[in-house]
Amino acid sequence: MSYKKTFIDLSKKAFKNELEEKFSKESAYNLISNYFNDISASLKDEAEVAGKTLKIKIEEKCWSIQLNQQSELSIRFYKDKITVKVKPGFQWREETLKYEQGRFYDRSKDMGLSEELLDIYLKEAFESTINQLAR
């Protein structure tokens, strides 16, 4: 057996944890990005006619939705944490998901980052406002 094979095998073993962390963080980023892109695409026409009443903003590592200039959900992705700002009316509440044991985790909700957790944030931010607007 050539040393090339040994070198490749040992390198894979040496960098296994770093590679798993990289893939885990990319997966978290893609989950958030796809979640907001889906909302944006589904509400494209509504956002056009709503003007300032409905604003959806998607940037490289920051996503936000603002409704009726009083409710807002904003998520910012950092290297080792994700900040989530929820404004269901006139007061902001901020959550920080820290990268722990291979995932981003919200301690206050005792949940890892998932579509279900993103739905919870979305509901907290907009449930009251959207119900009033939809009447």
Side-chain angles (χ1 to χ4, degrees):
M1 169 165 52
S2 74
Y3 188 73
K4 177 176 86 172
K5 171 100 171 94
T6 301
F7 176 78
I8 290 170
D9 290 344
L10 289 174
S11 294
K12 287 181 181 277
K13 183 178 179 181
F15 298 105
K16 180 181 181 224
N17 291 340
E18 290 84 352
L19 195 57
E20 286 175 355
E21 180 177 328
K22 176 185 180 255
F23 290 145
S24 177
K25 289 179 178 180
E26 285 176 358
S27 177
Y29 175 87
N30 289 333
L31 174 71
I32 298 167
S33 187
N34 291 339
Y35 187 85
F36 277 83
N37 284 333
D38 185 44
I39 291 171
S40 180
S42 297
L43 296 176
K44 182 181 180 224
D45 294 335
E46 289 77 5
E48 284 179 15
V49 297
K52 292 185 177 186
T53 302
L54 175 62
K55 289 196 267 183
I56 302 171
K57 188 173 165 184
I58 298 174
E59 296 178 357
E60 185 177 346
K61 292 190 175 188
C62 183
W63 305 265
S64 67
I65 301 171
Q66 185 181 47
L67 184 61
N68 211 22
Q69 297 182 333
Q70 67 183 30
S71 298
E72 189 168 343
L73 172 62
S74 177
I75 299 178
R76 183 173 293 275
F77 191 94
Y78 297 95
K79 182 181 177 190
D80 291 319
K81 69 178 182 177
I82 297 169
T83 59
V84 178
K85 293 182 180 178
V86 176
K87 182 182 162 197
F90 296 101
Q91 188 168 342
W92 286 98
R93 184 180 53 75
E94 185 171 327
E95 303 278 351
T96 300
L97 286 78
K98 293 192 177 178
Y99 189 77
E100 302 172 341
Q101 299 174 354
R103 65 184 177 152
F104 286 97
Y105 195 77
D106 182 331
R107 288 184 181 266
S108 71
K109 295 194 176 13
D110 196 26
M111 292 179 74
L113 180 64
S114 63
E115 188 164 334
E116 180 184 1
L117 183 59
L118 294 174
D119 278 343
I120 289 170
Y121 296 140
L122 189 70
K123 183 177 182 178
E124 287 177 356
F126 301 114
E127 184 175 37
S128 175
T129 305
I130 197 63
N131 285 336
Q132 289 174 3
L133 287 173
R135 287 183 192 172

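None of these values were measured; they are calculated from a predicted model.
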When rounded to the nearest 0.5 angstrom, what distance separates [atom1] in [X] from [atom2] in [Y]?
X: Ser27; Y: Asn34; atom1: OG; atom2: CG; answer: 9.5 Å
X: Ser114; Y: Asp106; atom1: OG; atom2: CG; answer: 10.0 Å
X: Lys109; Y: Glu116; atom1: NZ; atom2: CD; answer: 11.5 Å

Taking only residues two or more places apart in sequence, or in another chain, which ones meet [X] in a side-chain contact (heavy atoms from CB on, under 4.5 Å)?
X: Glu59; result: Lys57, Cys62
X: Lys81; result: Tyr78, Thr83, Thr96
X: Phe7; result: Tyr3, Ser11

>> Quick check on side chain to side chain contact (heavy atoms under 4.5 Å, CB included): which of Asp38, Leu31, Ile39, Ile32 does Tyr35 satisfy it with?
In response: Ile39
> If you look only at pairs with a residue in residues 41-55, which of them pass as a side-chain hydrogen bond (donor to acceptor under 3.5 Å, both in side chains), with sequence neighbours excluded?
Replying inline: Lys55-Gln66
Non-hydrogen side-chain atoms of [X] and [Y] separated by less than 4.5 Å:
X: Asn68; Y: Gln132; value: no
X: Leu118; Y: Ile75; value: yes
X: Trp63; Y: Ser40; value: no

Quick check: is [Y] connected to [X] through a chain of hydrophobic side chains (ILVMFWY, heavy atoms under 4.5 Å apart)?
X: Trp92; Y: Val86; value: no
X: Leu43; Y: Ile65; value: yes
X: Ile56; Y: Ile130; value: yes

Tell me the closest heavy-atom pair linking [X] and [Y], and the distance in Å.
X: Glu95; Y: Ser108; result: OE1-OG, 2.6 Å
X: Phe126; Y: Leu73; result: CZ-N, 3.6 Å
X: Ser71; Y: Pro88; result: OG-O, 3.4 Å
X: Leu117; Y: Gly112; result: CD2-O, 3.7 Å
X: Ala28; Y: Leu113; result: CB-CD2, 3.6 Å
X: Lys79; Y: Phe104; result: O-CZ, 4.1 Å

>> Let's go through Ser33 and Phe77 carefully: what are the C-alpha distance in whole Å and the side-chain angles of both, what is the deciding distance for side chain to side chain contact (heavy atoms under 4.5 Å, CB included) to 0.1 Å, and is it a yes or a no?
In response: CA-CA 10 Å; Ser33 187; Phe77 191 94; over 6 Å; no
Just checking [X]: does its [atom1] atom have more than 12 heavy atoms from other residues, nucleotides or ligands closer to it than 6.0 angstrom?
X: Lys98; atom1: NZ; value: no
X: Gln101; atom1: CD; value: no
X: Arg93; atom1: CZ; value: yes
X: Glu18; atom1: CD; value: yes

>> Quick one: does any side-chain atom of Ser74 pair with a main-chain N or O of Lys85 as donor and acceptor, under 3.5 Å?
In response: no
> Which residues satisfy the side chain to side chain donor-acceptor pair (under 3.5 Å) test with Glu26, sequence neighbours excluded?
Replying inline: Lys22
>> Using the salt bridge (Lys or Arg N to Asp or Glu O under 4.0 Å) criterion, which residues pair with Lys25? Sequence neighbours excluded.
In response: Glu21, Asp80
> Under the criterion salt bridge (Lys or Arg N to Asp or Glu O under 4.0 Å), which of Lys13, Lys12, Lys5 is the partner of Asp9?
Replying inline: Lys5
